[in-house]
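Only one structure is covered here, and it is reproduced in the block below.
Numbers here are sequence positions counted from 1. These values consider heavy atoms only, across backbone and side chains, with no hydrogens, waters or symmetry-generated copies. Remember, it's 1-based here, ligands and their atoms both numbered in the order they're listed.
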Amino acid sequence: MNVAHLVCLDCQREYSLDDPRWRCDCGGPLDIRYFPVFDISNIWERPPGMWSYREALPLKADAQMVSLGEPLTPLVPLKISGREVLMKQEQLFPTGSYKDRGVSLLISHLKSIGITDIVEDSSGNAGASMAAYAARAGMRCRILVPEGASAGKLTQIRAMGAKLQSVRGNRQAAADAAVQLADSLFYASHAWSPFFYHGTKTIAFEICQQLGWRPPEVLILPVGGGSLLLGAHIGFKELKQAGFISRLPRIIGVQAENCNPLARIFNSTDPTGDLPADFLPLPTIAEGIAVSRPIRHRQVIAAVKESKGAFISVSEAEIQGTYKNLLHRGFYVEPTAAATIAGVESFIRLYPDPRGVIASVLSGHGLKVQPV
Ligand SMILES: [Zn+2]
């Protein structure tokens with residue numbers, strides 16, 4: 001990695017990468033400006049997985065990795081509506097979700113700049129991941145969760161020594177409460193921190209590596225805050241800029257119909273517009289993607305547009321049906337993961353004969369939730 005800066009997406013102001021801040025002084029979200037380096041001989045010599053791409057990650061050369069042994073997750077074929085889809089098994093990460101990609105890089109960075117106390121808000125998986133990697137790094141960690149988060153995820157967070165605080169209200173209320181604490185604790189937000197999606201971008205590197213350095217034609221991903229989708233898009237773009245691939249995959253974002261602000265904006269007459277002020281989400285069993293006010297909505301929509309992709313919304317009945325079907329086919333995942341696959345079914349219905357490879361993900365493990 002060459003010299004890197006934090007840069008504000010709204011006002012373009014730059015800050016040092018070492019600056020312990022979670023957003024710009026203007027309130028805008030930050031990105032990271034730097035040049036990733038892909039050294040194939042290094043990548044092949046190291047154990048497979050996200051850290052084999054270390055020089056393509058924005059972490060100082062002398063920083064230590066905070067790792068729990070993140071695996072190269074398998075790409076497993078699954079017939080969906082008669083079409084073969086390659087499923088990236090992201091539920092096989094150390095804490096049971098893809099969040100470990102982002103958190104491993106984010107905590108590595110925070111440790112390298114001397115942060116010792118963090119706060120994060122989460123509906124479950126990101127909190128569990130943060131608790132694990134904070135424990136691994138020897139940091140103190142406080143996780144704020146909304147009422148009604150899965151008991152199994154709360155047990156996981158508490159068991160790893162994080163201080164757990166339940167916040168009355170929805171997911172947004174937990175985020176607002178975390179911001180209140182950001183004066184005394186570092187707000188290690190997976191929604192705000194660009195280090196998080198520079199960790200999740202390694203999913204793109206791995207998929208291309210597993211397909212013989214070719215991108216899939218279509219990649220279908222769950223979208224709540226959009227950090228997996230943004231990461232994947234950035235990852236493919238970096239591979240293209242480095243000359244490893246010649247095109248980007250079409251990225252299809254899947255949202256629950258009951259909480260689909262991004263799909264609504266994307267499909268509206270003004271896709272550059274803001275989130276609708278009067279948008280009222282309904283509850284969904286896909287709790288991991290129930291984000292009513294995604295911070296990086298413009299960035300996510302621009303990424304889907306650039307990839308010539310689309311958004312798909314799935315109903316609770318579709319998620320429920322797909323969930324049962326996945327369990328009965330041996331994939332013990334959580335309902336949020338089933339929402340993505342319901343989106344894959346929808347996509348194949350809408351485009352019955354898409355050419356090329358379709359890839360998607362199973363985002364979270366079933367062991368921490370009660371089957372619904
Ligand atoms: Zn700014």
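- Protein atoms that are N, O or S and lie under 2.8 Å from the Zn ion (ligand 1) are these: C8 SG, C11 SG, C24 SG, C26 SG.
- Residues I265 and F279 do not share a hydrophobic cluster, clusters being chains of Ile/Leu/Val/Met/Phe/Trp/Tyr side chains in contact below 4.5 Å.
- Salt-bridge formation is detected for the pair E55/R46: a Lys NZ or Arg NE/NH1/NH2 atom is positioned less than 4.0 Å from an Asp or Glu carboxylate oxygen.
- The ring-ring contact (aromatic ring centres under 6.0 Å, His included) test applied to Y15 returns no partner, not counting sequence neighbours.
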| Is there a side chain to side chain donor-acceptor pair (under 3.5 Å) between D31 and Y197 once you walk through the steps? | CA-CA 9 Å; D31 200 351; Y197 62 78; 2.9 Å; yes

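- Ring geometry for W213 versus F244: interplanar angle of 30 to 60°, hence tilted.
- Taking the six-membered ring where the residue is Trp, F195 and H109 present parallel rings, their angle staying beneath 30° rather than reaching 60°.
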